Each structure stands twice: as C-alpha cells, then as structure tokens.
Amino acid sequence: MKAAIIIARILSTVFRPVYYPLLGIFILFTISYFSMLPWMTKLYVMMLVGIFTLLLPYTAIYIYRRLVGLRRHELRHRENRFVPYLIFLLSYLFCLHLLRQLHFPHLVTGIILVSLLVQVVCFLVNLRWKISTHSAGSGAIIGALVAYSILFRFDPVWWLCLAILVSGLVMSSRMLLRQHTLGQVLCGTLMGIICGYIGIIV
C-alpha cells in the first residue's frame, strides 16, 4: 500500500495540468508540419509558453502565499484556491493574446486556449463543488487528440490508447491520495475531454 501511495504521488506530480501546454507545444513542433519551423522560432515560442504558464504564475503565487502567510499545503483547500486560479487564468490569457499578436495559427494557440478553458471551467465549478483539475487536464489531452486527428487526418488510435491510460492512472492516483472522489475525477475527465475538443476544433 505504501508503494502505491508513493507511485500515486509521483503520478500526481508528473502529470500536473500546468505542464500540458508546454508539452503540447513541444509535441506539435516535433511530430507535425510545424517541425519545419526554424529551431529559433520553436525555442522562442516554447520559452514564451514556459514563462507565462509556469514561471510567472508560480512566482506570483509564491509571493502571494508569503504575503498572506499561507503554507504550501493550505493552497489545496478550496477556499484558498481563488487567487491562485485567478493568477493562472490571467497568465494563460495573456499568453494566448501574445501568441495571437505574433500571428501564430490556431493549431498552436489552440493548446493554450484548451488549457485556459479547462482553468475557467474548473474555477467556476470549484466555487460550488470540488472537481479534479488533474483529471480535467488529462481528459483535455484526449479531446484535443480527437480534434487534431480530424484536422490533420491521421489515425489517433495508439495515441488515444496512451492518453486514456495516462488519464486512468491520474484519476486513480487522485482517488488513492484521497484528494477526490470517483464522481469528481469522472466529471473532471469528461469536462476536460469537451474543453480539449472544442478548444482545438473551433
């Protein structure tokens, strides 16, 4: 049982939703026709995405936590999540705006849009009921894969199998750690699938 808890903690750390935008951009620049872009352009975009989806929000949350005297584990409580969610939403929104100002196509900016949609829906739902953001993030990958398979006209079966496996592991880890119930992880995954599909296909 102890080993299962350790594995669940590792999975929850590795598959945090905040890592998905940068990972999505990297995969898109690696396996699609965007791989033909100059490496300096790809590096520049990935740096921008990394700054606005990871560095900036985490730094701002750290400063906020120090100012109000919250410990790190206290941010897990629903009543303390409002400001961190707001910081992430503003950072993602600015990142999306910046990439659009640089005239990157929707196939690229759509990844940020998906993440923003997931953040907004999770924020709104969490005002009334706790939902699993981890599950929503892994579900968004499934939805985005389906959308990209339609747009790029490729067979997504093996990618979907991998994404569904990861999603199942993430949901199981969140329940094993007693962070969420079955209903919360299932709702999070379903919501993520919808957001992932809409954010890319629209």
Side-chain angles (χ1 to χ4, degrees), residues 6-32 34 42-62 65 72-73 75-76 81 84-96 98-99 104 107-123 126 131-148 159-177 179-180 184-185 188-189 191-193 195-197 199-200:
I6 293 173
I7 293 172
R9 285 176 179 166
I10 293 172
L11 288 170
S12 290
T13 301
V14 172
F15 293 106
R16 284 186 177 181
V18 292
Y19 300 145
Y20 292 157
L22 190 59
L23 178 63
I25 295 290
F26 174 76
I27 292 173
L28 193 65
F29 283 170
T30 303
I31 65 172
S32 72
F34 287 106
K42 292 187 282 189
L43 182 62
Y44 176 67
V45 173
M46 291 186 65
M47 284 179 60
L48 281 179
V49 172
I51 288 170
F52 286 103
T53 63
L54 291 172
L55 182 61
L56 185 61
Y58 270 122
T59 302
I61 289 170
Y62 174 78
R65 185 168 59 83
R72 188 174 180 180
H73 71 274
L75 291 178
R76 297 174 185 173
R81 290 184 175 185
Y85 264 124
L86 190 60
I87 290 171
F88 269 106
L89 289 176
L90 291 174
S91 297
Y92 278 51
L93 190 61
F94 192 82
C95 182
L96 179 63
L98 188 59
L99 289 178
F104 274 89
L107 291 175
V108 176
T109 61
I111 293 174
I112 309 300
L113 179 60
V114 167
S115 299
L116 184 60
L117 286 174
V118 170
Q119 292 280 345
V120 169
V121 174
C122 285
F123 172 75
N126 274 310
I131 193 172
S132 174
T133 309
H134 279 74
S135 299
S138 60
I141 294 177
I142 298 172
L145 268 174
V146 173
Y148 275 124
W159 285 101
L160 278 175
C161 288
L162 179 61
I164 292 169
L165 175 62
V166 169
S167 182
L169 290 172
V170 170
M171 287 191 291
S172 299
S173 68
R174 300 309 289 167
M175 289 188 294
L176 191 59
L177 294 173
Q179 295 295 317
H180 295 284
Q184 290 167 352
V185 297
T189 302
M191 182 273 292
I193 291 172
C195 288
Y197 181 81
I200 299 299

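Note that the structure is predicted; figures quoted are calculated from it, not measured.
What you find for A136 and V118 is that their closest heavy atoms are CB-CG1, 3.8 Å. Of all non-hydrogen atoms in L89 and L116, the two that sit nearest each other are O-CD1, 3.7 Å. Of all heavy-atom pairs spanning P21 and I112, the tightest one is CB-CD1, 4.0 Å. Taking every heavy atom of both residues into account, L48 and C95 meet most closely at O-SG, 4.5 Å. Here the closest heavy-atom approach between residue L117 and residue G199 is recorded as CD1-CA, 3.9 Å. The nearest pair of heavy atoms linking L176 to A8 is CD2-CB, 3.9 Å.
Here I164 pairs with I142 under the side chain to side chain contact (heavy atoms under 4.5 Å, CB included) rule; sequence neighbours left out. For L22, the side chain to side chain contact (heavy atoms under 4.5 Å, CB included) criterion is met by M46, V49, L54, not counting sequence neighbours.
Within the 4.5 Å cutoff, the side chain of V166 has no heavy atoms near those of the I141 side chain. Within the 4.5 Å cutoff, side-chain heavy atoms of V18 are placed close to those of Y92. Between S132 and M175 the shortest side-chain heavy-atom distance does not fall below 4.5 Å. Between C195 and V121, some side-chain heavy-atom pair lies under the 4.5 Å cut-off. Using a 4.5 Å heavy-atom threshold, the side chains of Q119 and Y85 count as touching.
Atom CZ of R174 sits about 4.0 Å away from atom OG of S12, to the nearest 0.5 Å. Going from atom OH of Y20 over to atom CD1 of I27 covers 10.5 Å, rounded to the nearest 0.5 Å. Here CD1 of I7 is found 11.5 Å from OG of S172. Values are rounded to the nearest 0.5 Å. If you take CD1 on I131 and CG on N126, they are separated by 7.0 Å, rounding to the nearest 0.5 Å. Between the CZ atom of R9 and the CD atom of Q179 there is a distance of 9.5 Å, given to the nearest 0.5 Å. With rounding to the nearest 0.5 Å, the separation of OG1 in T133 from CZ in R16 is 11.5 Å.
No close placement of the Y148 and Y197 rings is indicated, their centers lying 6.0 Å or farther apart.
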For this session: Test side chain to side chain contact (heavy atoms under 4.5 Å, CB included) on T109 and L113 and set out the steps.
Result: CA-CA 6 Å; T109 61; L113 179 60; over 6 Å; no
For this session: Under the side chain to side chain contact (heavy atoms under 4.5 Å, CB included) rule, what do C161 and L165 come out as? Steps first, then yes or no, please.
Result: CA-CA 6 Å; C161 288; L165 175 62; over 6 Å; no
Exercise. Can you check side chain to side chain contact (heavy atoms under 4.5 Å, CB included) on L107 and F34, steps first, answer last?
Worked result: CA-CA 10 Å; L107 291 175; F34 287 106; 3.9 Å; yes
Problem set entry | Steps toward side chain to side chain contact (heavy atoms under 4.5 Å, CB included) verdict (V108, F29) | CA-CA 9 Å; V108 176; F29 283 170; 4.3 Å; yes
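Note: F88 and Y58 have perpendicular aromatic rings, judged against thresholds of 30 and 60 degrees for the angle between ring planes.
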